[in-house]
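A short worksheet on the structure shown next.
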Amino acid sequence: MNGLDWGAFALNLLWAAAAVLAVMLATFAVAVRRGVHRVVDIAWGVAFSAVAVVTFVASAGEGDVGRRVLVTVLTVVWGLRLAVHIARRGHGDGEDPRYDALLAKAPGNRDLYALRVVYLLQGALVLLVSLPVQAAQYVPADMTAFAWAGTALWAVGLFFEAVGDAQLARFKADPAHRGRIMDRGLWRYTRHPNYFGDFCVWWGLFLIACDSGAAALVSVVSPLVMSFLLVRGSGKPLLERHMSGRPGYAEYVARTSGFFPWPPRRRV
């Protein structure tokens, strides 16, 4: 179907799963030694990068070389930037309150419970969400407008993620801003520029796979799942519940778009 080698792609899924498992188990070992499971958030971007590199090696001679290089580079740049950002943000901090609350429910050993419900679950999500990164590398057709549009959308997404994260980090580093709501830069146009950026990145990577109908069919679940997680799942709703009690946040919500960038609403 549209030139996709299903046997080679199925074998690649096994290699990708092995790469993800290796990253998650190594991260788990570090977390147990340090007594802090928040390091799993760093592994998220690293695991996607590992999948991209393993797939690039495994797909040699299968897909279009230009697309293979492109999707690998885009994924590694996105994944490692995210991993470095999260590592810097959490440097020197204790356990994330989310994981404290989750592990408080552990029926037995907290570490083994974390392995099952955090590390292995995130690993499964990485394998699912990375489907466009894998499928695109097995598409033999030359790149068309879909691939270039996907690259442009990826670039928009990386801009919103990287710039939004940097603006927030500078804002929080200033003691004068303690307790205040960040409503400057990209945060003036959307309450979640980093989540919107992630949304664009994964829809962009999906478009790069769309030069093959088979690859598109296999991988469309990825941006759909990411969109759900960001907009309705563990992204936007969880953060907004956490922020809801802060002074000035209700006013910020009233004037600022909840997800897609848009000029602030004027006060009535």
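Residues R110 and L103 share a closest heavy-atom pair of NH1-O, 3.5 Å. When all heavy atoms are compared, the tightest approach of L4 to A215 is CD2-N, 4.1 Å. Smallest separation of non-hydrogen atoms from Q137 and A52: NE2-O, 3.3 Å. In terms of heavy atoms, V54 sits closest to A16 at CG1-N, 4.4 Å. Nearest heavy-atom pair across A216 and F206 is O-CE1, 3.4 Å. Contact between L131 and S219 at its shortest, heavy atoms only, is C-CB, 3.8 Å.
Between I208 and L74 there is a side-chain heavy-atom pair separated by less than 4.5 Å. Using a 4.5 Å heavy-atom threshold, the side chains of Y189 and S257 count as separate. Residues L70 and M143 form a side-chain contact, since some pair of their non-hydrogen atoms from C-beta on lies under 4.5 Å apart. Residues M24 and V40 form a side-chain contact, since some pair of their non-hydrogen atoms from C-beta on lies under 4.5 Å apart. Contact check for M243 versus I181: side-chain heavy atoms found under the 4.5 Å cut-off. The side-chain heavy atoms of R255 and D183, taken from C-beta on, include a pair separated by under 4.5 Å. Proximity of T75 to V51: side-chain heavy atoms (C-beta onward) are nowhere separated by under 4.5 Å. Residues L158 and V77 form a side-chain contact, since some pair of their non-hydrogen atoms from C-beta on lies under 4.5 Å apart.
Looking at D211, its side chain does come within 3.5 Å of a backbone N or O of T144 through a donor-acceptor pair. S130 places no side-chain N or O within donor-acceptor distance of the main-chain N or O of V133, the cut-off being under 3.5 Å. No donor-acceptor distance shorter than 3.5 angstrom exists from the side chain of S59 to the backbone of E62, with no hydrogens or angles considered. Of the possible polar contacts, one joining the R68 side chain to the F56 backbone as a donor-acceptor pair under 3.5 Å is found. A donor-acceptor contact shorter than 3.5 Å links the side chain of T190 to the backbone of F259.
For the residue pair W203 / S227, a side-chain donor-acceptor distance below 3.5 Å is found, with atom types taken as modelled. Side-chain contact annotation: Y138 with D5, donor-acceptor N/O pair under 3.5 Å absent. A donor atom on one side chain and an acceptor atom on the other are not found under 3.5 Å apart for R191 and T256.
The CE atom of M182 sits 7.0 Å away from the CH2 atom of W187 when rounded to the nearest 0.5 Å. Atom CG of N12 is separated from atom OG1 of T55 by 4.0 Å, given to the nearest 0.5 angstrom. Atom CE of residue M226 and atom OH of residue Y195 lie 10.0 Å apart, to the nearest 0.5 angstrom. Rounded to the nearest 0.5 Å, atoms CG (L205) and CH2 (W154) are 8.5 Å apart. In this structure, CZ in F146 is found 13.0 Å from CG in L153, a value given to the nearest 0.5 Å. Rounded to the nearest 0.5 angstrom, L21 CG and L120 CG are separated by 7.0 Å.
The aromatic rings of F196 and F199 sit parallel to each other, their planes meeting at less than 30°, with 60° as the upper class boundary.
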side-chain contact (heavy atoms from CB on, under 4.5 Å) evaluation trace for T151 with L207 | CA-CA 8 Å; T151 303; L207 286 177; over 6 Å; no

Given the rule in the side-chain contact (heavy atoms from CB on, under 4.5 Å) test, do I42 and T27 qualify, once you have shown the distances and angles that lead to the verdict?
-> CA-CA 9 Å; I42 302 172; T27 306; over 6 Å; no

Given L121 and R116, is the side-chain contact (heavy atoms from CB on, under 4.5 Å) satisfied, shown in steps?
-> CA-CA 7 Å; L121 177 59; R116 294 196 307 273; over 6 Å; no

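Both V20 and F28 are part of a single hydrophobic cluster, where members link through side-chain heavy atoms under 4.5 Å apart. Placement of L112 and V39 in two distinct hydrophobic clusters is found when ILVMFWY residues are connected by side-chain heavy-atom separations under 4.5 Å, directly or transitively. Hydrophobic clustering (ILVMFWY, side-chain heavy atoms < 4.5 Å, transitive): V73 and F48 are in one cluster. V220 and L127 are assigned to two separate hydrophobic clusters, defined by single-linkage of ILVMFWY side chains at heavy-atom distances under 4.5 Å. The hydrophobic cluster containing V126 also contains L224, counting ILVMFWY residues as joined when their side-chain heavy atoms lie under 4.5 angstrom apart, directly or transitively.
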Per-pair distances, 0.1 Å, donor-acceptor, side chain in residues 159-171, under 3.5 Å, sequence neighbours excluded:
from	atom 1	to	atom 2	distance (Å)
E161	OE2	W78	NE1	2.8
E161	OE2	D198	N	3.4
D165	OD2	R81	NH1	3.4
D165	OD2	R81	NH2	2.9
Q167	OE1	L186	N	2.9

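Using a 4.0 Å cut-off between charged nitrogen and carboxylate oxygen, E240 and K236 count as a salt-bridge pair. Salt bridge status for R98 with D41: present, with a side-chain N to carboxylate O gap under 4.0 Å. One finds no salt bridge joining D142 and R67 here, because no Lys/Arg side-chain nitrogen approaches an Asp/Glu carboxylate oxygen to under 4.0 Å.
Clustering of Ile, Leu, Val, Met, Phe, Trp and Tyr by side-chain heavy atoms under 4.5 Å joins L80 with V53, V76.
Residues passing the side-chain hydrogen bond (donor to acceptor under 3.5 Å, both in side chains) test with W44, sequence neighbours excluded: none.
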